[in-house]
Protein chains: 2
Amino acid sequence: MSVESVLIPFKNQQHNHESCIKSALADAEAACSKAGMRLTKIRRQVFELVWSSHAPVKAYDILAQLHQENPRAAPPTVYRALDFLLSVGLVHRIESLNAYIGCGDPSQPHIGQFLICEACGAVAEMNAQKITRLLRKQAEQLGFKTVNQLVEIRGLCPQCT
Amino acid sequence: MSVESVLIPFKNQQHNHESCIKSALADAEAACSKAGMRLTKIRRQVFELVWSSHAPVKAYDILAQLHQENPRAAPPTVYRALDFLLSVGLVHRIESLNAYIGCGDPSQPHIGQFLICEACGAVAEMNAQKITRLLRKQAEQLGFKTVNQLVEIRGLCPQCT
DNA sequence: GAACAATATGTTATAACATAACGTTTTTTG
DNA sequence: CAAAAAACGTTATGTTATAACATATTGTTC
Ligand SMILES: [Zn+2]
Ligand SMILES: [Zn+2]
Ligand SMILES: [Zn+2]
Ligand SMILES: [Zn+2]
């Protein structure tokens, strides 16, 4: 697997996560600006909360955090912001967890393949063309035209093995 | 892809679905008997409702149907039956739809890879070792130990293309 | 900068999906 | 049959997500 296909590797606990967040925010500004979309205060807050760790975050947990700064926030507040971030490709939804995680490379919209640690909750993101192509090819052999793909792999990350 | 890896192909509308159900029921009896588990009346009813088509079925839809024969059914009635059927490997859960579908080959427990038609809702099931192995291998290269895999491919089935 | 349109957010309510907890019935086993 | 285990009934509640409509903010045109 080429290194390019790893969008977010598993990080050690000591890594400087502030710099992850800072870099993600810069990417988000760039992506929104490029798309002519507005990264409003609420959207930015939700984005930062999604990026608060490398584990997926749940909508109602985001809401609880958001309440600290914005007592008027309600479920639609969060879901609208998440829908926006999803549409711009800044976050991904982990279907098997009903949770959301920051995208490792919003510069190129993609679907992503996720490795989910069942012990610590950490998630790594890949975008391996080899997988994408094989899935598409296998589907084709059944006469199926692929629109998009969902790949979520559960197991144990390097730290937890 | 070997034909063996296709557990449920896309069927045409004219196929005899009664025979699908009949065959699935026979498989279910066999699987339960082999596992020393009981396919009770409720479990069988839920199983038949899951098999009512080749599209995934939602828990509360099952509940509504079940009510016709069993007015006392409540959400736990359905979820218990589904949990049982999942544990025995008779049905699969489609995570991206919060819905359930009959397994194409309960004789060998497996996870399955699903092709979901966005037009008609039909689902085909594969169990392609090639995919399973590639995903495992790619994960391994990130130091990740795979426990299980979720693959759901969205697109258009042969009839809807 | 006033008028208007478009976008974003507030607000209330409810829909949709799932489980906890505990009591009763049915089945199995000794 | 008695005891234990499994399945089911029942009530309540937890969790996830959206509908519908009001208000506020931002961008555009004149
Ligand atoms: Zn980090
Ligand atoms: Zn881990
Ligand atoms: Zn059929
Ligand atoms: Zn179709």
Side-chain angles (χ1 to χ4, degrees), chain A residues 28-29 31-33 35-50 55-88 90-101 121 150 152, chain B residues 28-29 31-33 35-50 55-88 90-101 121 150 152:
Chain A
E29 301 280 10
C32 287
S33 153
M37 307 296 264
R38 292 155 53 196
L39 190 63
T40 63
K41 184 178 177 188
I42 288 177
R43 290 168 178 176
R44 172 194 298 266
Q45 287 173 326
V46 169
F47 183 74
E48 291 185 54
L49 288 166
V50 168
V57 180
K58 306 209 140 217
Y60 276 73
D61 290 342
I62 292 172
L63 177 57
Q65 294 297 312
L66 203 56
H67 261 146
Q68 299 184 357
E69 295 201 25
N70 182 353
R72 288 175 153 167
T77 313
V78 172
Y79 282 104
R80 282 171 187 151
L82 287 171
D83 286 347
F84 170 83
L85 296 170
L86 286 165
S87 74
V88 182
L90 291 171
V91 308
H92 294 292
R93 176 177 158 85
I94 305 295
E95 293 291 344
S96 62
L97 294 174
N98 296 332
Y100 304 82
I101 192 155
L150 168 59
E152 297 176 11
Chain B
E29 300 280 11
C32 287
S33 152
M37 308 296 265
R38 291 157 52 198
L39 190 64
T40 64
K41 185 177 176 188
I42 288 177
R43 289 167 177 174
R44 172 193 297 265
Q45 288 174 325
V46 170
F47 182 75
E48 291 185 54
L49 289 167
V50 168
V57 180
K58 306 207 142 222
Y60 275 71
D61 290 343
I62 293 172
L63 178 56
Q65 294 296 312
L66 203 55
H67 262 146
Q68 299 184 357
E69 293 201 27
N70 181 353
R72 288 175 154 167
T77 313
V78 172
Y79 283 105
R80 279 172 187 149
L82 286 172
D83 287 346
F84 170 83
L85 296 170
L86 286 165
S87 74
V88 181
L90 290 172
V91 307
H92 295 292
R93 178 177 156 83
I94 306 295
E95 292 291 344
S96 61
L97 295 174
N98 296 332
Y100 305 82
I101 191 155
L150 168 58
E152 295 175 12

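Predicted, not measured: the structure shown is a model, and the values here were computed from it. A note on names: the letters A, B, ... follow the listed sequences, proteins ahead of strands, and every chain is numbered from 1.
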To the nearest angstrom, the CZ-C1' distance between B:F84 and D:dA7 comes to 11 Å

One pair to check against side-chain contact (heavy atoms from CB on, under 4.5 Å): A:L49 and A:V57. What are the steps and the verdict?
CA-CA 8 Å; A:L49 288 166; A:V57 180; 5.6 Å; no

When rounded to whole Å, the CD to P distance for the pair A:Q45 and C:dA8 reads 16 Å

With B for base contact, S for sugar-phosphate-only contact and - for none (protein heavy atoms under 4.0 Å), nucleotides 8-13 of chain D reads BBBB--

Sorted by chain and residue number, the salt bridge (Lys or Arg N to Asp or Glu O under 4.0 Å) partners of A:R43 (sequence neighbours excluded) come out as none

One would report the end-axis bend of the helix from C:dG1-D:dC30 to C:dG30-D:dC1, five pairs per end and rounded to 10 degrees, as 30°

Whole-Å distance, B:N98 CG to C:dA18 C1', equals 10 Å

Rounded to whole Å, CE of B:M37 lies from P of D:dA7 at a distance of 6 Å

Q.
What I'd like to find out is whether the side chain of B:R93 reaches to under 4.5 Å of the side chain of B:N98, using heavy atoms alone.
A. yes

Whole-Å distance, A:L63 CG to C:dT9 P, equals 15 Å

**Asked** Going by heavy atoms in the side chains, are A:I62 and A:Q65 under 4.5 Å from each other?
**Response** no

In whole angstroms, the gap separating C1' of C:dA18 from CD of B:E95 amounts to 13 Å

Here the distance between atom C1' of C:dT19 and atom CG of B:D83, to the nearest Å, is 10 Å

By salt bridge (Lys or Arg N to Asp or Glu O under 4.0 Å), A:E152 pairs with (sequence neighbours left out) none

Quiz item: Under 4.0 Å between a side-chain N/O of A:Y100 and OP1 or OP2 of D:dA17, yes or no?
Solution: yes

Residues at least two apart in sequence or cross-chain that pass salt bridge (Lys or Arg N to Asp or Glu O under 4.0 Å) with A:E29, listed by chain then number, are A:R44

Q.
Any non-hydrogen side-chain atom of A:S96 less than 4.5 Å from a side-chain atom of A:L150?
A. no

Within the sub-3.5 Å range, which N or O atoms of nucleotides 14-16 of chain C have a protein N or O partner, and how far apart are they?
none

inquiry  = Taking the side chain as everything from C-beta on, heavy atoms only, tell me whether B:V50 gets closer than 4.5 Å to B:L82.
reply    = yes

Heavy atoms of A:I101 and A:P56 approach each other most closely as CD1-N, 4.1 Å

Using the rule given for side-chain contact (heavy atoms from CB on, under 4.5 Å), can you reason through A:I42 versus A:Q45, listing the C-alpha separation, both sets of side-chain angles and the distance that settles it, and then say yes or no?
CA-CA 5 Å; A:I42 288 177; A:Q45 287 173 326; 4.3 Å; yes

On a heavy-atom basis, the closest approach of A:L39 and A:F84 is CD1-CE2, 4.4 Å

A:I62 atom CD1 is separated from D:dT15 atom P, nearest whole Å, by 16 Å

